[in-house]
Amino acid sequence: MDLSPTFGFSLTIKLTMKKISILIAGFLLAFAPVKADEGMWLPMFVKRLNYVDMQKQGLQLTPEEIYSVNNSSLKDAIVRLGRGFCTGEIISDQGLMLTNHHCGFGVIQENSTEEHNYLDDGFWAMKKSDELPAGFAVSFLVRMEDVSKPINAVLNEEMSLMDRAKAIKKVSDSLEKAAVGEFEYTANVKSFYNGNEFYLFVYETFPDVRLVGAPPSSVGKFGGDTDNWMWPRHTGDFTMFRVYADKDNKPAEYSEENKPYTPKHSLPISLKGVEPGDFSMIFGYPGSTDRYLTSEGINYELEVRQPASVKLRRQVLDAYQEGMDQNEKTRIQYASKFASVANYWKYFIGQQAGLKRLKVYDKKKGQEDALAAWIAKDEDSKKLYAGVIEGFKTGYDNMKEANRVRVYLNEAIFRVEAIAYSFQFSGLKSALESDNETSTNQTMERIKGGMDAHFKDYNMSIDRNVFAAMMKDYSNDIPKENQPEDYKKMVTKYKGDFKKMADDAYAKSIFGSKEKIAAFLEKPSEKILAKDPIFMIQSSIIGHFRSNISPIIQTESEGLKRSERLFVKGLREMNSDKVYAADANSTMRFTYGQVGGYEPMDGAKYSHVTTAQGILEKEDPSNPEFVVPAKLKKLIQDKDFGQYADKKGDLIINFIANNDITGGNSGSPMINGNGELVGTAFDGNWEAMSGDIAFETELQRTIGVDIRYTLFIIDKYAGASHLIDEMKLVK
Ligand code: ARG
């Protein structure tokens with residue numbers, strides 16, 4: 001993102017400053033119809049960094065209307081879901097909150113049974129007393145503050161990684177405590193630009209959130225995994241919740257006495273739709289990006305992490321699918337698990353392809369070479385940045401195999417539900433061994449508390465198949481010297497028959513069955529755990545990781561983390577005219593740009609919108625991903641769109657804009673120049689799947705649900721017009 005007064009002028013400056021951007025910038029200047037904006041910006045800096053540019057692009061609001069600590073502003077209508085798995089926006093003065101269907105999917109799934117299948121049929125609370133507890137909290141941002149000065153004041157280049165972390169924590173703790181003061185707030189300090197800057201965030205968290213309305217999956221997930229991460233799209237990916245507060249409008253645990261929360265700000269909703277070139281802004285909680293990843297990091301991603309993740313996830317999905325095809329109950333039980341594994345399975349496929357196709361390695365390498373040349377020109381820089389760039393290769397090389405184990409731990413070992421579950425019992429085993437009664441009782445209580453929830457959507461035969469597949473991959477793909485002896489012995493005993501190994505393990509173990517766990521908890525003993533095959537595998541692999549693998553990662557991280565920090569510092573110094581945006585880290589950001597289509601490949605042009613016609617074109621009653629509900633079909637055929645039609649009488653379903661978002665932004669409001677809600681962001685596009693690592697100016701798009709489609713479904717399809725009445729519509 002560039003902040004100089006005129007676009008063309010600032011580009012020429014950049015060209016002389018930063019060689020590698022010549023190609024991209026030239027391309028942009030020549031072909032891009034709209035100016036694309038990389039950058040997930042911090043609202044507290046809007047006035048200083050972005051405002052002039054935003055105004056030029058069509059923003060009508062003042063900086064204070066976007067972010068203000070003392071007066072209500074846009075930021076007060078934006079919420080973080082849980083710890084940031086998604087974003088939501090407040091759309092009525094009764095705490096009504098809009099987010100994505102895929103963000104509410106877990107809640108919809110948990111509340112579904114064969115009798116009340118809200119996944120298939122949707123859910124609509126026709127009165128407030130019908131709303132269902134969601135089981136996650138939402139947080140409003142109270143304020144944010146740059147605390148880099150006091151933290152950097154206690155840091156120096158001689159410190160070890162550990163000492164650095166301790167020093168940061170000490171100052172952060174006291175800043176957080178002071179920030180919270182007398183209030184029921186939480187505060188935390190987060191690091192930015194790979195540890196060069198630090199900002200403090202203060203939140204007010206509301207635990208009572210309830211499900212209000214969700215369309216059927218045939219609307220909310222229309223196109224399924226086939227269309228996921230792709231444009232053109234026709235998905236009504238939205239769900240509504242309501243935030244509740246106590247009688248004083250303060251956070252409170254769920255209670256029937258609670259009242260709908262009165263927000264400081266709720267978003268007015270525009271029925272006017274969007275045109276190419278219209279200003280588009282997104283507010284939300286992007287989770288994480290890796291825009292400063294180096295060429296060596298790209299190599300690691302392409303060689304180790306991405307192929308392993310794709311391979312392992314595919315096998316897990318196949319095992320889920322086989323089980324889900326057996327019966328309705330299992331299909332409901334595993335719907336949410338399947339969706340989340342599938343989402344990043346496809347993501348990694350796209351990311352790998354994108355990194356290669358867009359030659360991201362070369363671009364990164366070019367950037368590093370430029371930095372190396374800049375460092376070499378100055379004696380002080382040579383000292384400060386000594387070994388930084390060379391350090392990446394050594395670091396990644398030395399860590400490669402340890403990292404592979406780490407990937408398999410997350411993507412294979414912990415994907416086995418019984419193994420992950422058994423990990424919770426490690427604490428119990430130590431407590432039992434040391435005869436610590438208080439600790440034993442505490443862990444027992446915790447385990448008992450979570451037992452029903454764990455087994456509610458658990459299917460042992462699916463899990464056993466996942467186990468067999470994952471144990472095999474771990475055994476074959478991880479070099480033998482990086483596997484624990486116990487595990488290798490076990491594999492040898494079974495002569496590599498992983499199916500037999502799985503059958504025996506699940507027959508003997510307590511971890512595949514609620515009854516066995518309940519019986520164990522009646523008479524807990526460390527001996528039973530020590531002999532349990534699932535527990536043994538878990539503790540030997542984790543134990544081995546802790547003693548043999550993790551130390552390698554720690555040692556290498558020492559240099560790598562420092563290099564990463566100095567790399568970003570160097571880049572920002574070298575290109576001091578350019579404003580670099582910090583990587584996403586689950587803190588509130590906004591991004592702005594324009595509505596507009598793109599050219600996905602030579603000879604093709606994509607429009608900025610899709611219409612209801614496309615739903616009928618994609619309809620396929622034989623494919624569950626493309627079923628169109630009869631009522632929706634009729635409304636579309638009759639063009640019965642009411643006030644939600646566009647000027648031509650069509651119903652716009654989804655639209656795209658060149659905003660910079662990532663996972664965590666799901667559910668974020670797409671806002672026009674007047675601060676009105678025009679859509680809900682829900683996805684990125686296939687051609688720019690490498691975007692979390694390198695933003696692709698000419699290709700990257702955010703896909704959103706046009707708010708008029710959302711309202712049409714609520715009103716005309718579901719007949720929940722009482723919800724529309726709560727909203728402020730701008731016609
Ligand atoms: N790709 C979307 C995201 O990560 C999730 C879309 C959910 N839909 C699906 N078919 N899995 O935000």
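All residue numbers in this chain count up from 1 along the given sequence. Ligands are counted one by one from 1 in listed order, and the atoms in each one are counted from 1 as well. Note that the coordinates shown come from a computational prediction; the quantities given were computed from them, not determined experimentally.
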Undergrad: Among all the protein's non-hydrogen atoms, which is closest to atom 2 (C) of ligand 1, and how far away is it?
TA: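 Looking only at protein heavy atoms, the one closest to atom 2 (C) of ligand 1 is Asp683 OD1, 3.3 Å.
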Undergrad: Output the list of atoms in ligand 1 that are nearer than 4.0 Å to some heavy atom of Gly224, sorted by atom number.
TA: 10 (N)
Undergrad: Below 4.5 Å, heavy atoms only, C-beta onward: do Leu271 and Arg708 meet side chain to side chain?
TA: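 Touching, per the 4.5 Å side-chain cut-off.
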Undergrad: Can a non-hydrogen atom of Gly663 be found less than 4.0 Å from any atom of ligand 1?
TA: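 Heavy atoms of Gly663 never come under 4.0 Å of ligand 1.
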Undergrad: Here's one to test your reading of the geometry: is the NZ or CZ of Lys716 within 45 degrees of the ring axis of Phe641 and under 6.0 Å from its centre?
TA: no
Undergrad: Could you tell me whether the side chains of Asn459 and Gln326 share a donor-acceptor contact shorter than 3.5 Å?
TA: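 Per modelled atom types, Asn459 and Gln326 side chains form no pair under 3.5 Å.
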Undergrad: For atom 6 (C) of ligand 1, what is the nearest protein heavy atom, given as residue, atom name and distance?
TA: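 Of the protein heavy atoms, Asn228 OD1, 3.2 Å lies nearest.
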Undergrad: Is it possible for you to check whether Lys75 lies under 6.0 Å from the centre of the six-membered ring of Tyr67, through NZ or CZ, and within 45° of that ring's axis?
TA: yes
Undergrad: Going by the order shown, which atoms of ligand 1 are within less than 4.0 Å of some heavy atom of Trp229?
TA: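 What qualifies from ligand 1 is 1 (N), 3 (C), 4 (O).
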Undergrad: Where the closest heavy atom to atom 5 (C) of ligand 1 is concerned, which of Asn343, Asp227, Thr235 has it?
TA: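 Selected option, by shortest heavy-atom distance: Asn343.
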Undergrad: Applying a heavy-atom cut-off of 4.0 Å, say which part of Phe682 lies close to ligand 1: side chain, backbone, both or neither.
TA: backbone
Undergrad: Measure the distance from atom 12 (O) of ligand 1 to every protein heavy atom, then report the residue, atom name and distance (to 0.1 Å) of the closest one.
TA: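 Atom 12 (O) of ligand 1 sits closest to the protein heavy atom Ser666 OG, 2.9 Å.
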Undergrad: Measuring from atom CG of Leu723 to atom OG of Ser92, what distance do you get when rounded to the nearest 0.5 angstrom?
TA: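 Atom-to-atom, Leu723:CG and Ser92:OG are 8.5 Å apart.
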Undergrad: Does Lys337 count as lying over the ring of Tyr334, i.e. NZ or CZ under 6.0 Å from the six-ring centre, within 45 degrees of the axis?
TA: yes
